[in-house]
Number of protein chains: 4
Amino acid sequence: MSQAPPRRGRPPSPETRARALAAAREILLRDGFGRLTIEAVAAASGAGKPTLYRHWANAQELAMEALIVEAPDPAAGRGDPRTELAAQLSRLIRAFATTRGRQITLALASADPDSEFTRAFRNRVILASREAGRALILRAIQNGAQAPDDIETLLDMIYGPLFFRLLAGHQPLEPGLAQSLTNLAFATLRP
Amino acid sequence: MSQAPPRRGRPPSPETRARALAAAREILLRDGFGRLTIEAVAAASGAGKPTLYRHWANAQELAMEALIVEAPDPAAGRGDPRTELAAQLSRLIRAFATTRGRQITLALASADPDSEFTRAFRNRVILASREAGRALILRAIQNGAQAPDDIETLLDMIYGPLFFRLLAGHQPLEPGLAQSLTNLAFATLRP
Amino acid sequence: MSQAPPRRGRPPSPETRARALAAAREILLRDGFGRLTIEAVAAASGAGKPTLYRHWANAQELAMEALIVEAPDPAAGRGDPRTELAAQLSRLIRAFATTRGRQITLALASADPDSEFTRAFRNRVILASREAGRALILRAIQNGAQAPDDIETLLDMIYGPLFFRLLAGHQPLEPGLAQSLTNLAFATLRP
Amino acid sequence: MSQAPPRRGRPPSPETRARALAAAREILLRDGFGRLTIEAVAAASGAGKPTLYRHWANAQELAMEALIVEAPDPAAGRGDPRTELAAQLSRLIRAFATTRGRQITLALASADPDSEFTRAFRNRVILASREAGRALILRAIQNGAQAPDDIETLLDMIYGPLFFRLLAGHQPLEPGLAQSLTNLAFATLRP
DNA sequence: TACTAACCGAGACGGTACGTCCTGTCTTTTC
DNA sequence: GAAAAGACAGGACGTACCGTCTCGGTTAGTA
């Protein structure tokens with residue numbers, strides 16, 4: 001069994017972490033990503049700056065952790081893959097159409113792309129949905145659909161437009177997009 | 001007809017602008033977007049800071065203008081739409097697989113999304129290719145392909161994956177992606 | 001003999017000078033010496049900055065010229081020297097007790113002490129009164145008063161307190177000071 | 001009794017203050033008051049600009065504090081008041097005849113006259129000598145001299161000429177001035 | 001009457017310094 | 001011995017003026 005380490009001194013307080021994340025979320029929603037500074041979080045949460053630096057290497061990491069609220073159960077049941085994909089995309093679009101969507105994009109873009117933290121964030125927030133989508137596509141193929149030449153590319157075609165619209169802003173993230181994406185994706189799977 | 005305005009006072013020097021942009025490009029390539037500060041450009045280009053602020057409202061705008069080098073002729077001839085789309089995507093991928101690609105993404109993400117400057121940048125750098133793609137798709141439809149339900153979504157599925165891969169980093173921007181995207185896009189157009 | 005130079009071309013406009021000085025005076029009274037910048041005078045007077053620099057080498061010189069309104073007839077008649085000195089000091093105190101007094105002191109302190117302009121300003125604004133005082137003292141001596149060992153020091157003792165109070169601010173420039181100074185000065189002249 | 005305040009956090013470092021003041025003094029002596037900028041002191045002392053602003057509100061305040069070196073014991077013993085006054089003025093003249101004298105005058109003239117800092121500076125640097133002079137005059141009166149009508153004015157006549165000469169520059173601050181001032185001052189006290 | 005030199009306004013230029021904000025580190029006191 | 005408070009060195013921000021320069025457009029005097 002793992003033995004209890006000596007652990008001398010005052011233990012890190014989970015409350016401090018929680019209060020810092022709450023303050024960060026409030027600042028993100030109220031003032032935006034550009035105003036989420038360590039200084040501001042320290043002032044708003046009552047924590048000291050060195051304490052925050054003990055938990056996160058910089059403001060981007062803090063922001064990323066604050067932006068992971070809950071993975072909005074990326075794919076649930078075992079119904080018709082086409083229906084489920086449309087439902088998942090619909091949930092994603094609703095989640096990203098808010099301010100948070102743009103902030104997640106910003107955090108993703110500005111963070112050190114090679115950091116462990118960034119990788120974890122991408123996996124949890126972005127790629128989890130993509131993996132759920134892969135499962136749905138594979139189920140469709142098992143049900144008789146034609147396998148695409150390159151499923152990776154197909155997955156990127158399904159989930160990429162979301163970020164494209166957020167970045168380029170040429171079209172809004174409207175609810176109908178979920179069905180359009182699903183239709184076109186399944187059009188490539190025709191037997 | 002539009003009459004020439006009076007234009008009193010010393011006119012802005014195009015050389016200063018050009019030197020600032022050249023310095024900005026060098027810093028972008030050497031140090032990255034995060035190091036492109038007005039101060040650094042002033043020091044490197046020999047321009048004064050107020051002069052730079054006379055031309056650009058902030059470092060993001062300067063960066064965006066520096067990143068517009070030349071629109072790499074988004075779509076040229078009048079050959080087979082499918083071949084041309086693959087060629088265009090191939091050029092785009094080559095252009096974005098470099099450091100510049102990530103920097104363009106970063107600039108796009110961090111700039112004020114509503115600024116006139118940002119809009120112009122998006123139109124010239126991002127959406128020009130998308131519009132060229134639209135022309136190719138429409139030509140394919142005229143040639144007998146099945147029109148998709150929603151051509152806007154199809155275009156986003158073609159050009160979105162590029163930015164998705166840059167942001168999420170789960171797959172490299174490899175040359176084969178151009179053909180995969182083309183194949184899947186045209187799979188939705190089958191008659 | 002000095003011949004009149006050819007003087008071709010448009011002559012400098014005295015109106016521009018006058019408007020600049022008027023604007024400078026207004027700024028001095030409204031905002032104080034620290035706000036009297038060439039830029040502000042140019043904006044307020046409608047003159048161009050180079051035009052102002054053609055007339056004055058810097059803002060201090062402009063300020064000094066603006067502060068010379070009229071030499072307040074330093075000493076007039078030929079009455080009793082003691083009475084006349086008190087009257088002159090009284091006029092001086094009234095003139096310096098206003099904002100202008102402090103501004104003159106400031107201009108004097110901050111200007112290049114060796115510049116020709118500064119010298120002229122000191123002679124006209126400060127030392128003219130001192131010279132008038134010297135004439136009064138000499139008249140008193142001619143009338144039978146005891147000549148002091150060092151008339152230069154005596155003159156400085158009469159006119160120095162004015163600036164001392166402006167600088168140190170320990171006592172206001174009150175009207176009674178004129179008589180006190182006169183009394184003490186003449187106390188050194190007793191036969 | 002006054003209790004020690006809690007004083008949490010890292011206390012201001014006296015060394016930083018001292019280094020800043022030393023750098024300021026060097027700049028004042030080398031380049032003059034006009035070159036004493038916060039930026040220059042930061043660069044020369046190794047301190048950060050925000051640190052300097054934590055200690056002084058602006059460059060004038062820093063200059064004033066740097067110019068207070070030591071009050072050159074304004075009046076010492078209990079000898080003959082006349083002799084002591086001459087000695088004190090002689091010390092003052094020596095101290096002010098240097099560059100520092102003009103700089104003190106400049107600082108005094110350009111600083112916000114109502115600031116707490118300015119008041120303290122005037123009291124320590126200028127008025128301390130004047131108060132010492134008052135004590136000497138009062139002793140002379142106790143010894144049998146005739147009290148002047150207005151001792152405040154007399155004091156200003158003793159100490160004002162110093163600044164008058166610095167400002168107007170019509171006469172140098174020569175050593176003989178001390179004796180001349182003393183003689184004339186005591187000439188007003190004859191019984 | 002036409003030429004032309006000097007002035008005029010406007011305003012961009014390279015600079016310096018401002019005073020503020022935030023970074024990431026450090027030091028001190030408190031818990 | 002970690003948390004909190006806060007000072008520290010440093011770097012960049014965006015602004016205000018500096019004093020210089022280049023423009024197009026008057027406005028004289030002379031040619």
Side-chain angles (χ1 to χ4, degrees), chain A residues 6-13 15-16 34-43 45-55 57-59, chain B residues 6-17 34-43 45-55 57-59, chain C residues 6-13 15-16 34-43 45-55 57-59, chain D residues 6-17 34-43 45-55 57-59:
Chain A
R7 300 285 281 119
R8 307 215 308 165
R10 178 172 171 176
S13 134
E15 295 177 18
T16 297
R35 295 301 178 88
L36 186 83
T37 63
I38 292 286
E39 199 119 315
V41 174
S45 72
K49 290 203 301 168
T51 303
L52 299 183
Y53 279 108
R54 250 170 248 126
H55 289 284
N58 47 50
Chain B
R7 297 282 289 121
R8 306 224 299 171
R10 175 176 175 173
S13 136
E15 296 177 17
T16 296
R17 256 188 90 87
R35 295 300 177 87
L36 186 83
T37 64
I38 291 287
E39 203 122 311
V41 174
S45 73
K49 289 205 301 168
T51 299
L52 299 183
Y53 280 108
R54 256 174 238 124
H55 288 282
N58 48 51
Chain C
R7 298 283 285 121
R8 307 218 313 166
R10 175 178 177 175
S13 134
E15 295 177 17
T16 298
R35 294 301 178 89
L36 186 82
T37 64
I38 291 287
E39 201 120 312
V41 173
S45 73
K49 290 204 299 169
T51 302
L52 300 183
Y53 279 108
R54 257 173 238 126
H55 289 285
N58 48 50
Chain D
R7 298 283 287 120
R8 308 222 301 171
R10 175 176 174 174
S13 135
E15 295 176 18
T16 297
R17 255 187 92 88
R35 295 300 178 87
L36 186 82
T37 64
I38 292 286
E39 203 122 309
V41 174
S45 74
K49 289 205 301 168
T51 299
L52 300 183
Y53 280 108
R54 251 175 247 124
H55 288 283
N58 47 51

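Note: hydrogens, waters and symmetry copies are ignored here, and every other heavy atom, side chains too, is used.
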Measure the distance from CG on D:Leu52 to C1' on E:dC18 and round it to the nearest whole Å. 13 Å
Closest contact, heavy atoms only, B:Ile38 versus B:Asn58: CD1-C, 4.1 Å
Whole-Å distance, C:Tyr53 OH to E:dG11 P, equals 17 Å
More 5' along DNA chain E: D:Ala59 or A:Leu36, using each one's nearest nucleotide? D:Ala59
OP1, OP2 of E:dG14 versus side-chain N and O of B:Thr16: anything below 4.0 Å? yes
Close N/O contacts between protein and nucleotides 10-12 of chain F (under 3.5 Å):
{"unit_1": "F:dG10", "atom_1": "OP2", "unit_2": "D:Gly46", "atom_2": "O", "d": "3.2"}

Taking side-chain contact (heavy atoms from CB on, under 4.5 Å) as the definition, give me every residue that meets it alongside B:Ala40, ordered by chain and number, with sequence neighbours left out. B:Ile27, B:Thr37
Please identify each residue that fulfils side-chain contact (heavy atoms from CB on, under 4.5 Å) with B:Thr51, with sequence neighbours left out. B:Thr16, B:Arg54, B:His55
For B:Ala42 and B:Gly48, work out which heavy atoms get closest and say how close. CB-C, 4.4 Å
Polar side-chain contact D:Arg10-E:dC26 base: donor and acceptor under 3.5 Å: yes
Ignoring backbone atoms, establish whether A:His55 has a side-chain N or O less than 4.0 Å from OP1 or OP2 of F:dA2. no
Rounded to whole Å, CG of B:Asn58 lies from P of F:dC13 at a distance of 10 Å
Shortest non-hydrogen contact from C:Ala59 to C:Leu36? CB-O, 3.4 Å
Spacing of D:Glu15 atom CD relative to E:dC26 atom P, expressed in whole Å: 16 Å
Please determine whether a side-chain nitrogen or oxygen atom of D:Thr51 lies at a distance below 4.0 Å from atom OP1 or OP2 of F:dA7. no
